[in-house]
Amino acid sequence: MPIRFTDTYSRQLEDFAPLAPPLVRLYTCGPTVYNYAHIGNFRAYIFEDLLQRHLEARGFDVLRVMNLTDVDDKTIRNSLASGQRLNDFTAIYKAAFFADLDALRIKRAQHFPAATDYVPQMIDMIRDLEAKGIAYQADDKSVYFRLSKYPDYGKLAHLNLDELRPSGRIRNDDYEKESIGDFALWKAWDKADGDVRWESPWGPGRPGWHIECSAMATALLGPELDIHCGGVDNIFPHHEAEIAQSECCTGKKFVRTWLHCAHLMVEGEKMAKSAGNFFTLRDLLDKGWTGREVRYVLLTVNYRLPLNFTFEGLAGARAALQRLDEWTARLADHAGEKSEVRNQKSEIPRVEAFFAALDDDLNISGAMGALFDLVRESNATLDRGDLTPAQAAALLAGWQRVDAVLAIERDAVTVPAEVHALVEQRQAARAAKDWPGSDRLRDAIAAAGWIVKDTKDGPKLTPR
RNA sequence: GGCGGGGUAGCCAAGUGGUAAGGCUCGGCUCUGCAAAAGCCGUAUGCGCGGGUUCGAUUCCCGCCCCCGCCUCCA
């Protein structure tokens, strides 16, 4: 059963076939570091994380690049407003971004190129385009891509450019461009840019947004990418522009598979600062939610569907994760020392079904269904006393494979010695049938951050 | 106006031309000194609306309604 994805270009479910397996060259559009990333951004990054982890689970070597856009209009504007130099300003948000990636357990790409580190490569590409008659410098000193030279522009988005309705964002009059659709490759320096400027054959200025990705992707992954991801809003014009620039420079097909994830909504509404429903990850952490709870919510809806983010959903994630935690803890207890041999080979049909679901266009819902089927079935077997320690160990091994993709396992926790002592005192009180004393000790344990549960195998502790 | 995604139980959501996975919530039960937690079981004659094709449609076709996105630098 091959892995299949819905390719944006063809709009079809297609068998995945990288150019040089097992290598997969993956390029993912990263953040613009002028502010903290919001949960809509992270929805995309978590989808890409799932993609990477599943490909790795299937034996591919994923070489992944995620760019950091550290120069653009908003970044310049905000850095000037803050009185900081561009690099000092973006450093803050770069660091915050990586901290957020860690909190969400998103695997690090091999490369996080910053746009400001690749200006020479961008200039080289623009010169190449200019030499080919595709780029031209206009009277405003900026350099533009001559769209008339690239008739395939619009094919990814399936737009017929002749029929585009002019929107308020097109300002016909202000431009010296030859054609309204021509996009900027190099933006001439303006006094509003302050000291943000690079020298170029066309005078001082800075690169356009689209050329960043073309230059960095090509520099780090070569002219042909296996997969390129982003949010649906990047399809047009950003990814169209990338295709145009890259293919005109290299003469090769830039991307074999395009994957785009749908947007996130909050409580059924579009997320917007003006609507008061705009959340960064740290907003949610401040409210007491954990990174893995947010990860679970963002991970468990298929990437092609709009994701409705709600606090009810977060609470559901918390409950579902607790159930998984309890399940793995029970298995570990039951496996005992057998858990030392966790990596034994074992075929568990539900685990195979989990991966088979992900093969089918990352059908995470189907995969989670298989996982919870396994949880219910093995819990029942355990309740009946029909599960051997070796079987429990095999199930744990299966879980480890699953969690290598999901990355939602509870962090290892160690019970403090004083809590252990309280539990022992409480057991003594219970043995003496001193119920008031027992209840006081339970409260003391709770005050220390732990919930004690009296099971037939003795007291069990769970972090609150 | 063009292009695209979506409307399945209280919430999230999978899926199939043959009678609706899974998670959360809720209810019952088990366990328990009491609890809590956990576990087990149960909960949609129904899949936006109206037609059509078919022995049979949530699934295919036609029409319509609603939500969301993109339409030239928002994941």
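Naming: A, B, ... by sequence-line order, numbering from 1 per chain. The figures that follow rest on heavy atoms only: side chains count, while hydrogens, waters and symmetry mates do not.
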- Indicate whether the side chain of A/Glu242 and that of A/His238 have a donor and an acceptor atom separated by less than 3.5 Å. yes
Inter-nucleotide [atom1] distance ([N], [M]), Å rounded:
N: B/G46; M: B/G63; atom1: C1'; value: 23 Å
N: B/C68; M: B/C29; atom1: C1'; value: 43 Å
N: B/A20; M: B/A44; atom1: C1'; value: 8 Å
N: B/C24; M: B/A14; atom1: C1'; value: 15 Å
N: B/C40; M: B/C64; atom1: C1'; value: 46 Å
N: B/C3; M: B/C60; atom1: C1'; value: 24 Å
N: B/G69; M: B/G28; atom1: P; value: 42 Å
N: B/U45; M: B/A36; atom1: P; value: 32 Å

Check every atom of [options] against the side chain of [X] and return the nucleotide holding the closest atom.
X: A/Ala319; options: B/A35, B/U25, B/G33; result: B/U25
X: A/Phe372; options: B/G23, B/A21, B/C34; result: B/G23
X: A/Glu326; options: B/C3, B/A38, B/G10; result: B/A38
X: A/Gln322; options: B/G4, B/A38, B/C34; result: B/A38
X: A/Lys270; options: B/C74, B/G69, B/C68; result: B/G69

- Return yes if some donor-acceptor pair links the side-chain N/O of A/Asn308 with the main-chain N/O of A/Glu267 below 3.5 Å, else return no. yes
Pair [X] + [Y], salt bridge at N-O below 4.0 Å:
X: A/Asp439; Y: A/Arg442; result: yes
X: A/Asp49; Y: A/Arg53; result: yes
X: A/Arg206; Y: A/Asp72; result: no
X: A/Arg282; Y: A/Asp100; result: yes
X: A/Arg64; Y: A/Glu48; result: yes

- Message: Please tell me if A/Arg323 has a side-chain N or O lying less than 4.0 Å from either OP1 or OP2 of B/C40.
- Response: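 For A/Arg323, the contact criterion (side-chain N or O under 4.0 Å from OP1 or OP2 of B/C40) is met.
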- Task: Examine B/A35: is either OP1 or OP2 under 4.0 Å from a nitrogen or oxygen in the side chain of A/Lys453? Give yes or no.
- Result: no
Across the strands shown, which category fits [X] at heavy-atom distances under 4.0 angstrom: base, sugar-phosphate, nothing?
X: A/Asp373; result: sugar-phosphate
X: A/His263; result: base
X: A/His260; result: nothing
X: A/Asn379; result: sugar-phosphate
X: A/Ile364; result: nothing
X: A/Gly40; result: base

Can you tell me how far [atom2] of [N] sits from [atom1] of [X], to the nearest Å?
X: A/Asp439; N: B/U32; atom1: CG; atom2: C1'; answer: 12 Å
X: A/Arg43; N: B/C68; atom1: CZ; atom2: P; answer: 17 Å
X: A/Tyr150; N: B/U72; atom1: OH; atom2: P; answer: 20 Å
X: A/Tyr153; N: B/U72; atom1: OH; atom2: P; answer: 10 Å
X: A/His238; N: B/U72; atom1: NE2; atom2: P; answer: 16 Å
X: A/His158; N: B/C3; atom1: NE2; atom2: P; answer: 12 Å
X: A/Leu324; N: B/G22; atom1: CG; atom2: C1'; answer: 12 Å
X: A/Glu240; N: B/C74; atom1: CD; atom2: P; answer: 15 Å

Taking only nitrogen or oxygen atoms into account, show me every contact under 3.5 Å that the protein makes with nucleotides 12-14 of chain B, one pair per line with its distance.
{"from": "B/A13", "atom 1": "O2'", "to": "A/Ser365", "atom 2": "OG", "distance (Å)": "3.1"}
{"from": "B/A14", "atom 1": "O3'", "to": "A/Asn363", "atom 2": "ND2", "distance (Å)": "3.2"}

- Task: Check each residue of residues 426-438 of chain A for a non-hydrogen atom within less than 4.0 Å of any atom in RNA chain B, then write out the ones that pass by number, or none.
- Result: A/Arg426, A/Arg430, A/Trp435, A/Ser438
- Query: Start at the 5' end of RNA chain B and walk down; is the nucleotide closest to A/Gly181 or to A/Arg376 reached first?
  - Reply: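 Mapping each residue to its closest nucleotide by heavy atoms, the 5'-most match is A/Arg376.
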- Query: Taking for each residue the nucleotide of RNA chain B bearing the nearest heavy atom, is the 5' side occupied by A/Ala157 or by A/Trp327?
  - Reply: A/Ala157
- Item | A/Arg384 (side chain) and B/C40 (base): donor-acceptor pair under 3.5 Å |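 When only heavy-atom distances are counted, A/Arg384 does not reach the base of B/C40 through any donor-acceptor pair under 3.5 Å.
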- Query: Taking N and O atoms by type only, does the side chain of A/Arg330 place a donor or acceptor under 3.5 Å from a partner on the base of B/A38?
  - Reply: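 It does not, because no donor-acceptor pair links the side chain of A/Arg330 to the base of B/A38 below 3.5 Å.
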Are the ring centres of [X] and [Y] closer than 6.0 Å?
X: A/Tyr45; Y: A/Phe97; answer: yes
X: A/His239; Y: A/His210; answer: no
X: A/Phe42; Y: A/Phe279; answer: no
X: A/Tyr93; Y: A/Tyr36; answer: yes
X: A/Phe98; Y: A/Phe112; answer: yes

Across all strands, who's sitting opposite [N] as a Watson-Crick or G-U wobble pair, both distances under 3.5 Å?
N: B/C34; value: none
N: B/U53; value: none
N: B/C64; value: B/G48
N: B/G1; value: B/C71
N: B/G42; value: B/C26

- Report yes if some heavy atom in the side chain of A/Cys29 is under 4.5 Å from a heavy atom in the side chain of A/Asn67; otherwise report no.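 Yes. Closest side-chain heavy atoms under 4.5 Å.
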